[in-house]
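In this text the structure is predicted, and so the values were computed from the model without any measurement.
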Amino acid sequence: MSKLGTDLKTMCIRNADGSYATQAARFLGLQLCARQLRASGYNQMRAPMLQMKHVMCLVRQWQNAELSAGTIKNRMANIRWWAEKTGKAGMIPKDNAELGIADRQYANTPNKAQVVDDKRLSRVTDPYVRMSLRLQAAFGLRREESIKIVPSTAVRGNLLYLNGPWCKGGRGRVEPIRTAEQHTVLRDALVLAGGGALIPPGKSYIQQRDKYDGQCKAAGLSNMHGLRHQYAQMRYEELTGWKSPKAGGPAHGTLKGEMRETDRMARLTVSKELGHCRMGIVSVYCG
């Protein structure tokens with residue numbers, strides 16, 4: 001490992017920001033940056049020496065490799081974290097366009113929404129995995145969130161508090177508990193989990209995640225992130241009164257006047273409930 005790689009490793013250990021998955025992804029991303037900078041001739045570089053010329057060197061490499069705008073923006077998030085930790089947060093422009101990075105493009109992909117009925121759910125024999133799937137369907141949770149959630153602390157009246165360590169990027173959020181069905185799912189989750197997470201005693205998160213994947217495969221279930229797509233489309237319809245474009249509703253570009261404003265507000269709400277910080281991502285789920 002280069003001196004820069006060692007510096008970045010130490011920085012990651014000393015600054016455990018975000019969930020474990022976020023920390024691991026950041027570490028790997030920064031180590032890749034260190035290797036690419038070294039290959040570009042910056043052999044003696046140390047972490048505090050970061051300058052714009054290094055940032056642009058990396059951006060040009062990624063663009064020459066024809067990486068997607070989304071991938072480059074994710075990598076830039078790691079670079080900004082590095083800059084922040086070395087006291088250079090203001091060095092990098094906040095707008096990626098100033099670095100020549102294009103906006104993300106959300107392709108018109110097929111509808112990935114999934115519904116898991118009781119018959120299909122009954123094929124899942126592990127009660128913890130079955131409960132995680134029910135929570136995903138009821139609240140649009142990610143797989144990690146549906147395993148790490150601690151129902152005894154998450155439920156507060158008619159609100160569901162998702163703590164940062166359970167969530168992608170360490171970004172916690174609050175979701176409304178709107179229906180009797182949601183309350184029922186949470187009560188069942190609390191009975192199963194007691195005061196802990198939806199992980200059996202003696203098992204780690206990784207072990208339960210692997211159990212989740214194995215149980216879904218054995219039950220003939222795949223792409224269970226589709227439960228999150230289904231939740232987003234259901235919420236969009238609930239908030240607007242019409243189906244989302246992915247579910248056969250009117251195309252976003254055809255809406256005018258009051259309908260367009262209703263669409264905008266619905267997308268903001270869905271984005272917030274899904275734990276995203278940008279409205280554009282809702283197009284992936286709803287069209």
Side-chain angles (χ1 to χ4, degrees), residues 18-19 22 68-70 73-74 77 94-97 101-116 134-146 149 154-164 166-186 223-287:
S19 68
T22 298
S68 70
K73 288 190 175 186
N74 289 339
K94 292 183 179 180
D95 188 351
N96 282 312
I101 302 171
D103 288 335
R104 294 172 186 258
Q105 297 296 317
Y106 299 112
N108 186 23
T109 55
N111 191 355
K112 297 180 180 179
Q114 285 244 33
V115 176
V116 178
R134 289 179 63 191
L135 284 167
Q136 283 184 269
F139 292 96
L141 304 187
R142 299 179 178 94
R143 177 185 60 178
E144 180 178 1
E145 295 164 353
S146 73
I149 187 173
V155 181
R156 304 180 198 175
N158 289 321
L159 295 174
L160 183 69
Y161 284 77
L162 297 167
N163 294 339
W166 310 339
C167 305
K168 183 177 180 180
R171 296 188 298 270
R173 65 185 187 277
V174 181
E175 288 195 36
I177 306 172
R178 312 174 325 278
T179 68
E181 181 183 357
Q182 287 179 321
H183 279 287
T184 298
V185 171
L186 289 170
N223 302 318
M224 299 320 296
H225 196 70
L227 295 173
R228 189 166 159 85
H229 286 253
Q230 175 63 24
Y231 174 85
Q233 292 175 27
M234 178 274 298
R235 276 297 276 149
Y236 177 90
E237 183 175 354
E238 184 179 287
L239 291 163
T240 62
W242 60 82
K243 292 186 180 297
S244 70
K246 290 273 190 186
H252 175 65
T254 65
L255 301 178
K256 300 187 184 302
E258 222 174 279
M259 287 184 70
R260 190 170 186 82
E261 179 60 18
T262 300
D263 170 88
R264 188 182 73 84
M265 295 304 297
R267 288 172 185 270
L268 282 171
T269 299
V270 172
S271 174
K272 183 179 178 181
E273 290 184 11
L274 291 180
H276 287 288
C277 56
R278 58 193 188 279
M279 187 172 67
I281 191 66
V282 179
S283 297
V284 174
Y285 298 95
C286 296

- [ ] Could you check K272 against L268 for side-chain contact (heavy atoms from CB on, under 4.5 Å), going step by step and ending with a plain yes or no?
- [x] CA-CA 6 Å; K272 183 179 178 181; L268 282 171; over 6 Å; no
Is there a side-chain contact between [X] and [Y] in this structure, where contact means two heavy atoms from C-beta onward sitting under 4.5 Å apart?
X: L141; Y: Y231; answer: no
X: Y236; Y: T269; answer: no
X: Q114; Y: Q230; answer: no
X: W242; Y: M259; answer: yes
X: K73; Y: I101; answer: yes

Task: E261 CD: over 12 foreign heavy atoms closer than 6.0 Å - done: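 Atom CD in E261 is crowded, with more than 12 foreign heavy atoms closer than 6.0 Å.
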What is the minimum heavy-atom distance between [X] and [Y], and which atoms define it?
X: A138; Y: V185; answer: CB-CG2, 4.4 Å
X: C167; Y: R173; answer: SG-NH1, 3.9 Å
X: C286; Y: A232; answer: SG-O, 3.6 Å
X: R142; Y: G275; answer: NH2-O, 3.9 Å
X: P250; Y: P245; answer: O-CG, 3.3 Å
X: H183; Y: N158; answer: NE2-OD1, 3.2 Å

Task: Identified side-chain hydrogen bond (donor to acceptor under 3.5 Å, both in side chains) partner of N111 from the options H229, Q233, K246 - done: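 It is Q233; the other options fail the test.
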- [ ] List the steps, then state whether side-chain contact (heavy atoms from CB on, under 4.5 Å) holds for S283 with H252.
- [x] CA-CA 9 Å; S283 297; H252 175 65; over 6 Å; no
Task: Test item: R228 side-chain N/O and G140 main-chain N/O as donor-acceptor pair under 3.5 Å - done: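 Looks like yes, one N/O pair under 3.5 Å.
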Open item on the list: Using modelled atom types and a 3.5 Å cut-off, is there a donor and acceptor pairing between side-chain atoms of S271 and backbone atoms of R267?
Closed with: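 Side chain of S271 to backbone of R267, a donor-acceptor pair under 3.5 Å: no, none is there.
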Point-to-point distance, once rounded to the nearest 0.5 Å, from [atom1] of [X] to [atom2] of [Y]:
X: E144; Y: S19; atom1: CD; atom2: OG; answer: 5.0 Å
X: L239; Y: E237; atom1: CG; atom2: CD; answer: 10.5 Å
X: E238; Y: T179; atom1: CD; atom2: OG1; answer: 8.0 Å
X: E273; Y: R178; atom1: CD; atom2: CZ; answer: 6.0 Å

TODO: Identify, with sequence neighbours excluded, every residue that meets side chain to side chain contact (heavy atoms under 4.5 Å, CB included) alongside S68.
DONE: T71
Open item on the list: Can you list everything that forms a side chain to side chain contact (heavy atoms under 4.5 Å, CB included) with V116? Sequence neighbours excluded, please.
Closed with: R120, L121, M224, L227
TODO: Please determine if E175 and R235 form a salt bridge, counting it only when a charged side-chain N lies under 4.0 Å from a carboxylate O.
DONE: no
- [ ] Take L160 and I149 through the side-chain contact (heavy atoms from CB on, under 4.5 Å) test and state the conclusion after the steps.
- [x] CA-CA 10 Å; L160 183 69; I149 187 173; 4.2 Å; yes
- [ ] Decide side-chain contact (heavy atoms from CB on, under 4.5 Å) for L186 and L135; before the verdict, give the C-alpha distance in whole Å, the side-chain angles of both, and the deciding distance to 0.1 Å.
- [x] CA-CA 8 Å; L186 289 170; L135 284 167; 3.8 Å; yes
TODO: Using the six-membered ring wherever Trp is involved, compare the ring planes of Y285 and H225 and label them parallel, tilted or perpendicular (cut-offs 30° and 60°).
DONE: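 Y285 vs H225 ring planes: tilted.
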